[in-house]
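Okay, so here's the structure we're looking at.
Each chain gets a letter, A, B and so on, in the order its sequence line appears, and its residues count up from 1. Since the structure is predicted, the reported quantities are computational estimates derived from the model, not experimental observations. Values below: every heavy atom of this structure, side chains too, minus hydrogens, waters and symmetry copies.
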There are 2 protein chains.
Amino acid sequence: MLATEFKDAITAADRVLVQIRTAIVDGEIPAGTKISEPELARRYDLSRAPLREALARLERCHLIERTPNAGARVVKLSIEGLRSLYQLREELEGLACRLAAEHMTEQEIAEVRALLDQHLSTQRVREGESYYQEAGDVDFHYRVILGSKNPYLINILSDELYFLVRMYRVQLGMNGPRVSRAFDEHKAIINAIANRDGELADLLMRRHIAASKRNIEQQLLQQGTSHG
Amino acid sequence: MLATEFKDAITAADRVLVQIRTAIVDGEIPAGTKISEPELARRYDLSRAPLREALARLERCHLIERTPNAGARVVKLSIEGLRSLYQLREELEGLACRLAAEHMTEQEIAEVRALLDQHLSTQRVREGESYYQEAGDVDFHYRVILGSKNPYLINILSDELYFLVRMYRVQLGMNGPRVSRAFDEHKAIINAIANRDGELADLLMRRHIAASKRNIEQQLLQQGTSHG
DNA sequence: TTTCTTTTAATTGTCGACAATCTGATGCTT
DNA sequence: AAGCATCAGATTGTCGACAATTAAAAGAAA
């Protein structure tokens with residue numbers, strides 16, 4: 001969960017949005033499931049009005065697909081979907097790096113560095129608990145995205161695309177040797193930003209994301225061949 | 001209006017969305033206006049439920065800004081907003097060009113060329129009617145975006161960013177000498193795509209968009225200095 | 001048995017009313 | 001007179017019920 005998501009006035013629609021979104025990202029509501037408004041309204045104990053508001057926002061971040069008069073389904077994860085998503089993500093986070101190299105303040109850069117060091121020294125990360133690795137990674141990318149200072153870019157990446165990215169990562173797994181390497185890559189990126197070398201930061205970020213994609217792609221292929 | 005926007009089942013929310021969106025883009029509802037749900041419900045003769053659905057989608061394409069419990073306002077046009085928007089648009093339509101050079105079929109390319117020729121020979125365009133110029137331009141960009149075959153990219157550009165782009169263009173004016181030049185630029189871009197030269201198509205599209213931005217930027221500056 | 005039609009049940013879309021919250025005006029205190 | 005608290009009015013958020021549409025089940029015809 002992003003810290004600054006809701007400023008103060010939290011409405012019922014906001015709450016149920018977070019609940020359902022988490023359930024979908026974590027696979028608690030499986031991919032491809034038909035969404036029933038009456039059922040969800042009962043489950044989360046509210047009326048259909050705020051629920052529909054939440055569903056509209058879930059559609060916005062591509063976690064569900066709605067067709068008029070026919071209802072909504074949770075998206076299915078696929079190779080083509082992953083490729084399209086990461087193609088865009090590479091481009092946009094690359095841009096975010098170039099802009100961050102231009103616009104981030106020294107203090108913001110120092111904060112990201114502190115975050116990385118602090119995270120690396122955390123017991124649970126060293127023990128390989130995937131939740132904390134995931135949280136640390138999301139945090140790093142989020143800071144860089146914010147550093148771009150472009151509100152439309154920030155909105156697309158952190159409000160629309162990121163939950164789907166996390167859905168792929170959570171359900172298809174961040175595993176093994178990529179973990180420690182990712183930290184080195186994060187460090188290299190923030191160094192390039194600190195040197196105001198946007199071009200290099202861009203390049204490194206694209207490679208970082210491409211590596212992550214290959215990792216997930218492999219899982220999807222294995223899963224597809226063994227089960228189907 | 002994009003042709004394939006709604007397949008068959010048109011709901012009241014869809015209709016009022018189109019109406020309000022057009023009113024905002026055309027400046028009929030001025031920038032910065034406070035949106036009153038009861039008032040709009042009366043004006044368009046429906047209840048607040050479908051109206052709120054429409055407002056949620058307007059927020060999605062950045063035409064209005066909502067704050068919980070406080071209501072919505074039509075977005076204000078500004079230099080910083082224009083720069084952020086076009087910064088993103090350059091990057092994304094550049095990417096769309098690279099992908100289009102890879103994925104567009106020969107027939108799709110031929111259709112775009114026919115479209116350009118047909119448009120150029122249209123009486124009203126030669127007479128400088130801005131609506132038809134705008135429509136032709138939107139059509140060209142839309143085809144290239146679709147040619148990328150990346151559903152997320154298509155969604156962001158044509159469903160989320162484009163209405164705001166059009167709002168800037170409509171309210172701050174496409175004027176004078178840029179018109180005929182834009183046609184040549186379009187031709188050069190589709191030629192590069194036809195030659196499967198994505199890199200060149202990318203470059204040309206970025207320049208094309210940058211030129212358009214400078215045009216609007218100038219209008220905004222003049223307006224800002226003379227009135228303020 | 002298969003296919004098409006009809007009917008039925010369930011779901012989505014819409015409505016009007018009520019509750020919670022915010023904005024602005026009024027009056028009080030310092 | 002300036003600032004703060006209180007209150008009235010209006011607006012947004014939520015609810016339960018009804019209408020319109022769809023998907024599925026049952027039945028009839030080939």
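- A cation-pi contact, defined as under 6.0 Å to the ring centre and within 45° of the axis, links A:R89 to A:Y86.
- Between B:H119 and B:H186, the distance from one ring center to the other does not fall under 6.0 angstrom.
- At whole-Å resolution of the value, CG in B:L46 and P in D:dA19 are 18 Å apart.
- Nucleic acid contact for A:A49: base, since at least one base atom lies under 4.0 Å from a heavy atom of the residue.
- For residues 147-158 of chain B, every residue pair satisfying the salt bridge (Lys or Arg N to Asp or Glu O under 4.0 Å) rule, not counting sequence neighbours, is listed here: B:E108-B:K149.
- The CD-C1' distance, from A:E39 to C:dT12, rounds to 15 Å in whole Å.
- When rounded to the nearest whole Å, the span between CD of B:E53 and C1' of D:dT12 equals 17 Å.
- The CZ atom of A:R66 sits 15 Å away from the P atom of C:dT11 (whole-angstrom rounding).
- Rounding to whole angstrom units, CZ of residue A:R52 and C1' of D:dG13 are separated by 15 Å.
- Distance CG (B:D45) to P (C:dC15): 8 Å, rounded to an integer number of Å.
- Atom P of nucleotide C:dT21 and atom CG of A:D14 are separated by 13 Å, given to the nearest angstrom.
- Sorted by first then second residue, the ring-ring contact (aromatic ring centres under 6.0 Å, His included) pairs that include residues 45-71 of chain B, not counting sequence neighbours, are A:Y152-B:H62.
- With hydrogens and angles ignored, the 3.5 Å screen pairs no side-chain donor or acceptor of A:Q219 with any backbone N or O of A:Q171.
- The residue A:A12 sits close only to the backbone: its heavy atoms come under 4.0 Å of sugar-phosphate atoms, none of a base.
- Look at CG on A:N69: it is 10 Å from P on C:dT12, rounded to the nearest Å.
- The closest side-chain heavy-atom distance from A:I24 to A:I20 is below 4.5 Å.
- The stretch residues 28-37 of chain A comes close to DNA chain C through A:K34, A:I35, A:E37, each having a heavy atom under 4.0 Å from the strand.
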